[in-house]
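Any value given below was found using the heavy atoms of this structure, including those in side chains, with hydrogens, waters and symmetry copies removed. Only a predicted model underlies this, so the values are computations on that prediction, with no experimental measurement involved. Just so you know, ligand 1 is whichever comes first in the structure, and atom 1 is the first atom listed for that ligand. All residue numbers refer to positions in the sequence shown, counting from 1.
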Amino acid sequence: MPNIYSTEKFEKEFTYSGSDLGATYTPEKTTFRVWAPTADTVTLNLYGSGTPGTDDLVEQLPMTADVNGTWIAEKEGDLNGTYYTYLVSVGGNENEACDPYARTTGVNGKRAMILDLASTDPDGWENDTNPNAGMTYNDAVIYELHVRDLSSDESSGIQNTGKFLGLTETGTTTASGIPTGLDHMKDLGITHVHLLPIYDYASVDETQSDKPQFNWGYDPENYNVPEGSYSTDPYNGAVRVAEMKQMVKALHDNQISVIMDVVYNHVYNASDFCVNQIVPGYFSRVNEDGTYSNGSDCGNDTASERSMVRKYIVDSVKYWADEYHIDGFRFDLVGLIDTETINEVVTEVHKTHPDVIFYGEGWTMDTAVTKDGYKMTTQPNSTDVPGFAFFSDTLRDALKGHVFYTTRKGYVSGAADLADTVKGCFLGQAGDWCTTPAQSINYASCHDNMTLLDRITRSTPGVSEEDRIRMNNLSAAIYMTAQGIPFLQAGEEMLRTKIDASGGFVENSYNSPDSVNSIKWDTLEDEAYQNVYNYYKGLIAFRKAHAALRLTNADDVNANITSVDGLDENVLAFRINGGVNGETSDGIFVIFNPNSTETSVTLPDGAWDVCVNADHAGTEALTTVSGSVSVEPISAMVLVKKES
Ligand code: CA
């Protein structure tokens, strides 16, 4: 796997900047262009079906060498629905590869399909837009969901189990009539749903997709194609495209924006990946000994710093935003992707879609970058990528305890030394890496590791269920009122738990059965769960009603939020000015009491409406107080200055 790919000479000669890679369809003809600079010959195979191994080759067309290492071919006639591959002779081998720019594929993603994209548009698609256009990053409330989890428990009442179409169903309920699925998300008040991988991934066999199979999908096969097992017919490439668009449209019609989880940092199998079949080893970083770099711990790392990989990533993200109206992108292990690539993605997409949100996992990892002078998109380099936000593991670990030491307590569960960390996070300045609330994704749980309630339970032996729920709700009150971008794992708002057959908490449920991963909608029939749901709903409503919780820069935070001194140990309180960032109230006062005893806090002058306490949250006054206020054990209180 030669590093000549990273030389200036190679890049100068073989960087193609056109926008016509892949198959360009018109009813009269289809043109093809593939980048294969080291190939001796390239042949276009046209097939009758998309099913790998089927002996239905229709025609082979030799491709012609063209500019910058690209090869071209053209075929007259209406080829909509025809499947194709590239047969590449390179380095003495003959490799048959799917098109890296495939718009769709047949079953299991081995053969690309020529597609009239306009024919897949649902009714009204031309008028479909981001329902939350105009929002800043800080206005978002993000809900992280796996497509299958929404509908795989029988109590969902959803017909299209595990499918894109499951997210389009309205009017679904539990047996006793409690709303589920899309109606639930809409009622909760989230602004964005973040979907775990919905591009084509490898770990679910699409020929068996009527049987229960589960995987998170962090194993990319085709970057620009929807996952087939989420469609009702993975054999017909048009169906997955049409149904994913229907899903986006249904969510948009219900005021929910859509974020895709994208995994450009590694591929399922480096040797088999289509780009590496066409240009051996080009897509992946190599160590000095010729082995694949493996900072991802998934077998390979993407060489984002190479010009045609960077273009590929930029083109791919732009394509999802343009063609599927995607409103945000969550980059998996973005600490493996260079800052220049990320900045180009953000800049290019924002030119035409200024409201698209970008964030990711900025952990620092050991990777063999193929060229000197490139920085990776990590938390410590956050100021180099100002349009990109990062998951705040600082807040996550401070709230519930360290993610890898699961018996340790967090701020909400009784740790004595985390108040200062929580304070910094509340002000949108987490740890030593975050300088602005616009770059902090504030959360207590996501798909990785234990659910919030499971993590609390693990570290609090002997504590009552009632107190654990208080800890859960205190976590939510902190990250929902903190400066930054709140994010929750689907089901956290109903005490989601992941327990295996032997009763243990599942930390890594990437391929666990539905029984572990599914959202158990019927838990909402229990009053305690319904109360937690209403608490989350109230916190979201409060956040949306108060612009001062959604400041976009550190200067505004420093000028308008004061941390209150002289409180009981571990108690935190903050005074937020009125009249800031469009805030219409005269000010907000926030108190967090993680202690097992109640605490008394002196309020600033005037009368204050209590909108959030231990049990209730919302925009209306539960009671009005002045002078000082008593805050119950393990609870938050949020007050709004009563207009004089
Ligand atoms: Ca697949």
Verify the distance test for Asn108 against the Ca ion (ligand 1): any N/O/S atom under 3.0 Å, yes or no.
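Under 3.0 Å: Asn108 has no N, O or S contact with the Ca ion (ligand 1).
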Kindly confirm whether the Ca ion (ligand 1) is within less than 3.0 Å of some N/O/S atom in Asp200?
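Yes.
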Distance under 6.0 Å and angle within 45° of ring axis: Arg33 vs Tyr101:
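Here Arg33 fails the 6.0 Å and 45° test against Tyr101.
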Got a sec: does the CD of Glu154 have more than 12 other heavy atoms crowding it under 6.0 Å?
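No, CD of Glu154 has 12 or fewer neighbouring heavy atoms, counting only those of other groups under 6.0 Å.
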More than 12 foreign heavy atoms under 6.0 Å from OH of Tyr268: is that the case here?
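Count not over threshold, so no.
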Out of the N/O/S atoms in Glu206, what is the name of the one closest to the Ca ion (ligand 1)?
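Nearest N/O/S atom of Glu206: OE2.
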Heteroatom of Glu227 nearest to the Ca ion (ligand 1) (N, O or S, atom name):
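Going through the N, O and S atoms of Glu227 one by one, OE1 ends up nearest to the Ca ion (ligand 1).
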Aromatic rings Phe487 and Phe391: how do their planes relate, parallel, tilted or perpendicular, breaks at 30° and 60°?
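Aromatic pair Phe487/Phe391 classed perpendicular.
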